[in-house]
Amino acid sequence: MNVAAVRVIPVRLRFAQPLRTARGEFTERASVLLELRDAAGAVGYGEAAPWPGFGTESVEEVEASLRAAEHLLLGASLQPGKWPTALANLLAGRPAARAAVQGALLDLDARRAGRTLSAHLAASAGSTCGEPLSRVPVNALLTARDAGALFREAVFAREAGYRAVKIKLGSDAVTSDVARLRAVREGIGPSIRLRGDANGAWSVRDALAALEAFAPFDLEYVEQPVAAPDIDGMAELRRQAAVPVAADESVASESGMLRLLAAGAADVVVLKPASLGGAGRALELASLARRAGMRVVFTHAFESAVGALHALHCAAAWGDAEGVHGSATAGLFEADVAAPPGCHDGYVAVPVGPGLGVTL
Ligand SMILES: [Mg+2]
């Protein structure tokens, strides 16, 4: 395909509620959209949503990379998987910018082929993917601090149809987390999956004790019990802990993912296409994980509707009918670049396309 026009569009979105993380509080999200257009007027969108603390470049570096990529993209005859050397070199070590370029090319290619991005991704990935899903089950993120409010949130999530819920752990004493998990399990009942996320809060020893204390609540897994670089610690937990462990921050970069795979250091990997160079590469890494006996959960990286739809199509293309993926982004921002995919009965419907299924 030939690219006839390129637009690099910096975006700042205000969070509806400030986002509290281990690295401080954020009120807005900066990212960069890439729009590609062919001579016939077909358009493709990608998004670079960098998260520098987790191994990607900064938003300034993203914008510079995409502006430098403009003249390499314009007029070039391109295939999503086969890039000219100069473009590949420019985007080496730039996973967020690479995700934008790969995403926009895939979206454009899928629209030209008249099929959804998920069908297009699944066809390109071949037998590593199942049948693409028309809707993707996601977990509800329960955010209340105290056990009573968490119980009410848990009941609400069950009644809303969610098949899995997730809470943050590790910011208080283990006894307090135990009380919170008990409240959630009582609220959701025995059959809904319960996930925890410690965001690297513990040492290996503390994690072993915490997970032992959590065992009665039948957790599906706990994300990132120890700090992201501690792959040996993750491996030890996978062997010894009373609850399955998932890697999230540890696999935010491709190098981290490859180290974790080599060490067999998790039961589950939580993959963000935005920080792994795009959906195409994320699906390749997912199939490596499956071959290593790990389950895969796809999630967003607090992108606009464009990036959120790329992550959604990626999860749909993976085609795991048993998988429940990361939470939906609807309602995350005061205003978005397009309507973000909405969540009903615990599922996010995949737009019927073509491509991403959204126009800006
Ligand atoms: Mg996490």
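Both counts, for ligands and for their atoms, begin at 1 and track the order of listing.
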**OP:** Could you tell me which N, O or S atom of Glu223 is nearest to the Mg ion (ligand 1)?
**Re:** OE1
Original post:
Can Arg295 and Asp267 be counted as an ion pair, charged N to O under 4.0 angstrom?
Top reply: no
**OP:** Side-chain contact test, heavy atoms from C-beta onward, threshold under 4.5 Å: evaluate it for Met1 versus Leu105 and give yes or no.
**Re:** yes
Original post:
Are Arg239 and Glu236 within salt-bridge range, i.e. N to O under 4.0 Å?
Top reply: no
Subject >> Backbone or side-chain N/O/S of Glu249 under 2.8 Å of the Mg ion (ligand 1) >> reply: no
Original post:
Aromatic ring centroids of Phe26 and Phe15 under 6.0 Å?
Top reply: no
**OP:** Taking the Mg ion (ligand 1) as the reference point, name the nearest N/O/S atom of Asp197.
**Re:** OD2
Original post:
Restricting to N, O or S atoms of Asp248, which is nearest to the Mg ion (ligand 1)?
Top reply: OD2
